[in-house]
Each structure stands twice: as structure tokens, then as C-alpha cells.
Amino acid sequence: MFKECADIQTADMLKLPVPALVGGKPTNIQLKPSEIQKQMVAELGERADKIRNKMVKPYEDNMLKITNDGRKLALDQRLIDPDLPDDPDSKVNICVGKIFEIWEQTMPQRSAQLVFCDLSTPKAGVFNVYDDMKAKLIERGIPETEIAFIHEANTDARKTELFGKVRSGAVRVLMGSTAKMGAGTNVQKRLIALHHLDVPWRPSDIEQREGRILRQGNENKEVYVFRYVTEGTFDAYSWQLIENKQKFIGQIMTSKSPARSCNDMDEAALSYAEVKALAAGNPLIKEKMDLDVQLTRLKTLKAAHDSQRYELENKIAIGFPAEIRKCKEQIENATVDAATVKEHSVVDADGKDVFCIQLEKKVYYEKEPAGKALLGLLGLALNSEKPVPIGYFKGMELQIQHLPFGNEYHARLAGSGTYSTQLGADVLGNLTRLSNLANGIEPSIEKTRNMQIQLEQQLASAEEEVKRPFPQATELIEKSKRLAVLEGLLNMNDKDIVTDTEPEQQCQTDNRQRGQEER
């Protein structure tokens, strides 16, 4: 229904003159977590266990708080505790080094860079990533006037002035959040690099960010997009979540034929098991998430296959047979009516059709008075829901009918079948339409016969198609089994996992339950 009213134009269809990414894709910079980060991620797992075991109140701690703390921790450990040491290999420090390197290399062109960070915005008297990065960039040699925060431009006039400075090269490093530096930020002229310090929740936010640099009007033919990921933290999960969401959105927002349904992936907080898996550095969680995506795709294909099969079964049982019967009836009726028309048609010495029509009880041999009489009889159908008989033409009963919708009048020739044509205000034109309608009955037989042959061929094809099994059935079963195994290993279901110290007790419990079920 959406595609019936939506005209979707994707970037690959528009082929706009935008700069290309160096290497053809964003550059992922993977960073090792510090020992403190590893320890704190493990603590998040312990917090998740306490929440699961209901050892804390929801207002004291909950999964959303853990998720937010995990995201902050992946960005910089000092966001959790400002007194923690500044890790030289943190996202912030690596990003500062990359910004300075590009700033120095592009000094002649005065190219500009964008830095996106949603989690730690400028705030006086509190540690934040913005002020920390600015201080480090200034320390390396970038003039303070060439570094700006989007938050400083708090009016439309200031934004216009700031954007103009970026386009002119006066400001070469602009930092901001997705909300403040997304749509409407037209600073692309000199942009050479964009840095994702953190991960937003929605794929549209990524598009808005990268749309600032991958845009018409950029003087640079190639640009960089850097994504900074701290391993063993929530970064990997967040980017995976964005990817999953985009895959589902892409099923609908596509120029191709969309899937009939897609799953909602808008989950902001991690589950208990996912936090524990991240804390333990468990690689199975990535396999589980990949399987989720693959299974959703396979289930969508399976649902489409089943839907098509049910539709074909319905057509085989009802649709095609009904249409074939209808064609046969039309052929039989038209054959009889064509013979009637031929029998009541008279031609003169030149082979031309002799005109004759009966309207009510009067027979007309002249077209003009007959046409006027026909127009005069149209009023009889005005207040009637059913066709009104008014005479005979070519041996068939002539009827008129008024259609309130559109205020149209139609003439019908009724014999074994019925044949209809719209009437107008032209006296002679209406009679021509009647003649064409009567003379067209015989040629329609061949058309209907061809349609019947096509329907019979479609019926045979449908009967063959409905027998075919789902082609990826084996893959779906195998991956469903593997996902069930992974969920058991990751404790993703609601059942308690049995430890190795109590197998005998669990077996006895299972046997008792099985015995009760059998009884």
C-alpha cells in the first residue's frame, strides 16, 4: 500500500554528483580497550545480573542506564569518572591525532572537517569530550579561531555566520551533535573528512551525518568518513544494531519490489544476556545477531513463498475455473447473438448495410429521426435502477440505462448475452455506436477464445508452480537450529540455565515432568 502512494528515489538511482569515499567505504578505526574499560564493562555485566535477580529497584538501576553507561564508556572512560586517567589510545586521542594530521595535510586548500558526538556535549565545569578535544587540538598547533562548536551558534544569524566561515575555510574543525548539525547544515564546500566519535540510535541519523559531506557542491572529489570503534565495548553492538535496523528499513525504502512485512528492530536497551556476553568478550553474540538478520530475511522469503502458494491454490480451486467457465459462456452466447445479428442484417445492391431500428412501436429507416427519437427516450431511464427496454436493433432487444455516477447513459443490446456502449449527445454518433456494438459481437468470439486458452495455460502453470517447495527450506531449518543453540549458550531465553554441578538433579526433574505429561 505504501509503494502505491510513495515514489522512492534512492541515492543509487539518482546518481547525483557527490564526492566518492576514499576506498569506496567508510574507514573503521578499531581501538583496543584499556584495562580500566575492560574492568568497567565487566561491572556492567554484574549490574545486569543484579537487575535480573531483582536485587535493585528500577529507579536505582535499569538496563537503559547500563546501556547509556556502556556507550559513554566506549567513548571515554572519563565520562564515567572524570578522575580516571586519560588513555592515550582512547577514541578521543586517536581522533584528535587524525584531525590534526588531515588539518596539516590540507592546509593549502584550507579543507574543513566535521566531528559528530551526541553523548558528551559542551558544559561548563564538567568534563566533556568537546572541550577536551578542543584543548588538545589547540595544544598541537591548530588556532583556536579555526575550531568551533555548533552549540555556540544558538541563533539563526550566528549559524549562518558560522556556516559561512566553514565554507570559506576560516573555521576548519566544526564539532556538533546529530540534532544540531544534521539537516540544514550546508557547509560541504571544503569538507574533506567526517568523524563518527559515537553511534546514534537510528540509521537516519547516520544518513544525516554523512549527508553533510557526501553532498553536491563539495569541491573535493574524494572524502574520508571515519568510524571509531572500541573493541570489547558497546560500540560493536551499537553499530550492529544500526546495521540491522537499516536492513529492515531498506526492505521498504527501496526502488525494488518491497517485502510484504518486516520486523521492528527498535530496541534501545540491551538484554541481560547481551550485556554479559559483551562483558565476557563472547564472540557468539555477533554470530547470534548475524543469524537473527539472516533468519528474518529467510522468514520473509518463506512468508512470501507461502503467500504466493496460497494465492495460487485459491486461483486453481476457484479463480481460474470461474474465469474459464465465464469465457465459455461468453463464446456460446456471442455465437448465438452473432447469428441473430447476421440473420437480421440487410444489405443493399452496393453491399452496404440497410439501416432499420424499432423504437417503442415505431420502425425507423432514416437515421436522423431515429437518432432524435433515441435521445428523446433517454429520460425513461433517469429514475430506473434497471435497464429499460425501448425497442429492437438487429434482432436484439435495445435497452437504455442511466448511471448516476458520472451522469452517463448507456445503450445495451440484450440477447443470449448483453453488450453495452456509452451514448452521447450526437444524434448520428449514437446510431454509429449501436452498429459497431452489434457488428463487433462476432469478432469478440475469437478474442474470448484466445483468452480462454491463456487462462488454461496459466492454470496448468499454477498447478506446476504450487508443487514446488520453498527453495531455502533446508537453510532456514539449519539456521533456526543454530540460533536455538546460541540462545541456549547465551542464556537468551527465559529458562534458567542448568550448571554443570547439578545435571543429575535436573534430569530427575525433567523425567518427573515428562512422566506427568504422559499420564
Side-chain angles (χ1 to χ4, degrees), residues 319-458:
F320 287 132
E323 291 182 29
I324 291 170
R325 282 196 303 272
K326 184 179 177 182
C327 285
K328 289 179 178 179
E329 289 174 6
Q330 287 177 351
I331 291 170
E332 290 175 4
N333 293 336
T335 302
V336 173
D337 293 334
T340 302
V341 169
K342 188 174 182 179
E343 182 184 344
H344 290 80
S345 295
V346 179
V347 294
D348 58 18
D350 297 329
K352 292 183 179 179
D353 194 28
V354 176
F355 175 75
C356 177
I357 187 171
Q358 179 183 336
L359 297 175
E360 292 193 315
K361 294 183 180 181
K362 186 174 181 179
V363 179
Y364 293 86
Y365 296 98
E366 298 292 331
K367 288 187 176 181
E368 189 166 343
K372 290 179 180 178
L374 177 60
L375 287 176
L377 293 172
L378 295 182
L380 296 175
L382 193 60
N383 297 318
S384 175
E385 295 181 1
K386 296 180 179 180
V388 177
I390 61 168
Y392 289 90
F393 182 66
K394 300 276 188 181
M396 300 182 69
E397 186 177 63
L398 175 60
Q399 305 171 347
I400 54 173
Q401 185 176 18
H402 178 250
L403 303 180
F405 185 77
N407 193 29
E408 295 177 353
Y409 288 93
H410 283 238
R412 289 161 47 106
L413 293 178
S416 296
T418 55
Y419 314 89
S420 177
T421 185
Q422 185 178 343
L423 297 175
D426 188 355
V427 173
L428 298 179
N430 286 336
L431 298 179
T432 302
R433 293 176 184 179
L434 277 176
S435 294
N436 292 338
L437 184 63
N439 295 330
I441 294 175
E442 187 172 4
S444 70
I445 296 173
E446 189 62 27
K447 292 181 182 178
T448 309
R449 190 171 285 117
N450 291 335
M451 188 184 300
Q452 179 187 335
I453 293 170
Q454 289 179 3
L455 287 169
E456 289 169 348
Q457 291 173 347
Q458 290 174 12

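Index from 1, following the sequence. The shown structure was predicted, so the numbers you read here are calculated from the model rather than taken from an experiment.
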Exercise: do Gln399 and Glu397 side chains pair donor with acceptor under 3.5 Å: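 Short answer, yes.
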No-hydrogen, no-angle side-chain donor-acceptor test under 3.5 Å, Gln454 and Gln458: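 No - no donor-acceptor pair under 3.5 Å links their side chains.
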Under 3.5 Å donor-acceptor, Gln358 side chain and Glu360 backbone: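 Yes; judged by distance alone, with no hydrogens or angles, the pair exists.
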Supply the atom-to-atom distance [X] [atom1] to [Y] [atom2], rounded to the nearest 0.5 angstrom.
X	Y	atom1	atom2	result
Tyr419	Met396	OH	CE	5.5 Å
Ile331	Ile445	CD1	CD1	8.0 Å
Lys328	Asn333	NZ	CG	14.0 Å

For a 4.5 angstrom cut-off between non-hydrogen side-chain atoms, does [X] reach [Y]?
X	Y	result
Leu413	Leu398	yes
Leu423	Leu378	yes
Asp426	Thr432	no
Leu403	His410	yes

Leu359 and Phe393: CA distance, side-chain angles, deciding distance, side chain to side chain contact (heavy atoms under 4.5 Å, CB included) verdict: CA-CA 9 Å; Leu359 297 175; Phe393 182 66; over 6 Å; no
Carboxylate-amine/guanidinium proximity below 4.0 Å for Lys326 and Glu329: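 No, this pair does not count.
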Lys394 and its side chain to side chain donor-acceptor pair (under 3.5 Å) partner, picked from Asp337, Asp353, Thr340: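 Among Asp337, Asp353, Thr340, the one that satisfies the side chain to side chain donor-acceptor pair (under 3.5 Å) with Lys394 is Asp353.
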Residue Glu408 excluded, over 12 heavy atoms near CD under 6.0 Å: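 Yes, the 6.0 Å shell around CD holds more than 12 heavy atoms from other groups.
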CA sep, side-chain torsions, deciding dist, call: Cys327, Leu455, side chain to side chain contact (heavy atoms under 4.5 Å, CB included): CA-CA 9 Å; Cys327 285; Leu455 287 169; 3.8 Å; yes
